[in-house]
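Following: one structure in structure tokens, then a few remarks.
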Amino acid sequence: MSDLLRSGRLRGAATFLLPALLLCALPFYLDAFWLRIGLFSMAAAIGAVGLSLLSGTAGQLSLGHAFFLAVGAYGYVWLAGEPGPGLPPAVAAVLAVLLAGAAGGLFSPVAGRVKGVYLGVATLALVFLGHHVLLTADSVTGGFNGRSVPPLELGGFTFAETDPELTVLGVPFGAEERLWYLGLALFALTWFTARGVLRGRPGRALAALRDSETAASVMGVPVARYRSSAFVVSSMYAGLAGVLLALSFRRVVPDYFSLLLSVDYLAMIVIGGLGSVAGATAGAVFVTALPLLMTRYADQLPLVATPGSGDGSIGPTEASRYLYGAAIVVILLYAPDGLHGLARRTRARLRRRPSVTGPPGTGPSSGAPSAETDTAGDTATTARAKEHTP
């Protein structure tokens, strides 16, 4: 039994460590475009996990997620910038997340008493109200043109371009490379805290609340308090995503935080799988990366016009929305539990399939020579040129 437990722990550690090491190594090989896609995807995944806790686990529909992302983004910009208090960026980032949670707390009495489509309509008002405030409060938000984002500093280390340039193992580390590791740390924090919530007593209470409020009340679950708490936690995740988005974009504008952004987040959790951290992450990567990739390769795609061509064809952004709209329909028809459920069923089928072994001496442990060549001694010591954002 102890050997089985030990082997299970080893497999679990390997399942976590191998992807983590791969993600940590990517900045040494990828250019700025791919790193930016990863940064935007990590920020979207953080916000999608929060919405999944609210809509997928607690069963509360929200169309106001863009509002709380805006609170986090603009809260950081104002608290750390000028005009503003000019606080240290790390303190401003923490306060921006708490500010988003406070905004969710102010709305939580409504979330505690209203449910379903009525809550969706109520949160929809937040998006329109927030967009109006962002356009009119020029002294705080910069109005229509927005504001530039102060770079984050931690212990004297700046997550932006510096002079002289930082070089690690022969690779120049600009803003994208530095922010990549910050995004990984924030995403890891989101992943483990959300999984802890889902696997603990709060997760079971929220799931019972989603399935039947009457049964949850009979079991002693305070319905209104858990509804309100789920809304506050979801708002804080959205605020953290807003801070990372602001740092990645380096400029925030009101038009980005519109109703379309809230719809995008709903698409993320539906495609990935409601109530799943891994599913929300997969949906966030799909919805975020698709328009960026289609914009880059628009000249190679059929029926898609390059940005700014003005020939009346479908642009990459519109085409990407059509595609993941079609993906939502397919998911709802054939895989209602999303990509996460589809992957889980695929793994289960593979485990049930009998393994086929070949004749002795043909496996990877045989003495056959490897086709891989030894390139350990051919490492470059000079800095490798990489494309960076101006």
Side-chain angles (χ1 to χ4, degrees), residues 12-13 15-17 19-20 23 38-62 64-66 68-69 71-72 93-94 96-98 100-105 108 111 123 181-211 221 225-245 262 264-288 337-341 343-344:
T15 303
F16 167 73
L17 288 176
L23 290 173
L39 280 171
F40 298 152
S41 298
M42 284 187 280
I46 293 173
V49 167
L51 185 60
S52 183
L53 288 176
L54 178 64
S55 298
T57 305
Q60 294 287 82
L61 176 64
S62 173
H65 216 54
F68 298 104
L69 278 124
V71 171
V94 174
V97 176
L98 296 177
S108 62
T123 54
Y181 292 105
L182 174 66
L184 280 182
L186 296 179
F187 175 67
L189 175 66
T190 301
W191 179 281
F192 287 110
T193 54
R195 285 175 68 90
V197 169
L198 290 176
R199 293 180 175 181
R201 183 175 179 179
R204 294 191 294 271
L206 291 176
L209 184 64
R210 175 197 61 202
D211 295 337
V221 176
R225 191 179 75 185
Y226 269 94
R227 274 187 186 170
S228 302
S229 300
F231 204 88
V232 172
V233 172
S234 175
S235 303
M236 294 181 70
Y237 279 124
L240 182 60
V243 173
L244 184 56
L245 272 176
S262 292
D264 286 346
Y265 274 90
L266 283 177
M268 293 175 193
I269 63 173
V270 171
I271 293 173
L274 294 172
S276 166
V277 177
T281 302
V285 173
F286 177 78
V287 173
T288 303
D337 48 0
L339 296 177
H340 179 258
R344 185 176 61 247

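Residue indices begin at 1 and follow the sequence shown.
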Rounded to the nearest 0.5 Å, what's the gap from [atom1] on [X] to [atom2] on [Y]? Could you check?
| X | Y | atom1 | atom2 | result |
| --- | --- | --- | --- | --- |
| L209 | R225 | CG | CZ | 12.0 Å |
| L51 | F68 | CG | CZ | 11.0 Å |
| M236 | T193 | CE | OG1 | 10.0 Å |
| L189 | I46 | CG | CD1 | 8.0 Å |
| L54 | I269 | CG | CD1 | 8.0 Å |

For the student: nearest non-hydrogen atoms of [X] and [Y], plus distance:
| X | Y | answer |
| --- | --- | --- |
| A48 | Y265 | N-CE2, 3.5 Å |
| A43 | A241 | O-CB, 3.2 Å |
| M268 | A44 | CE-CB, 3.8 Å |
| A205 | V221 | CB-CG1, 4.1 Å |
| V49 | A194 | CG1-CB, 3.5 Å |
| G72 | A100 | N-CB, 4.5 Å |

Counting only N and O atoms by type, is there a donor-acceptor contact under 3.5 Å from the side chain of [X] to the main-chain atoms of [Y]?
| X | Y | result |
| --- | --- | --- |
| S234 | G50 | yes |
| S52 | V277 | no |
| S228 | S108 | yes |

Problem - Residues which pass side-chain contact (heavy atoms from CB on, under 4.5 Å) with T123, listed by chain and number, not counting sequence neighbours - result: S62, L63, F107, L119, F231
Do [X] and [Y] have side-chain heavy atoms sitting under 4.5 Å apart?
| X | Y | value |
| --- | --- | --- |
| L266 | H65 | no |
| V197 | V233 | no |
| R344 | D337 | yes |

Problem - All pairs passing side chain to side chain donor-acceptor pair (under 3.5 Å) where residues 276-286 contributes a residue, at least two apart - result: S276-H340
Practice task
Any chance you could lay out the side-chain contact (heavy atoms from CB on, under 4.5 Å) test for L206 and L53, step after step, and finish with the verdict?
Solution key: CA-CA 9 Å; L206 291 176; L53 288 176; 5.7 Å; no
Problem - From CA spacing to verdict: side-chain contact (heavy atoms from CB on, under 4.5 Å), F187, L244 - result: CA-CA 10 Å; F187 175 67; L244 184 56; over 6 Å; no
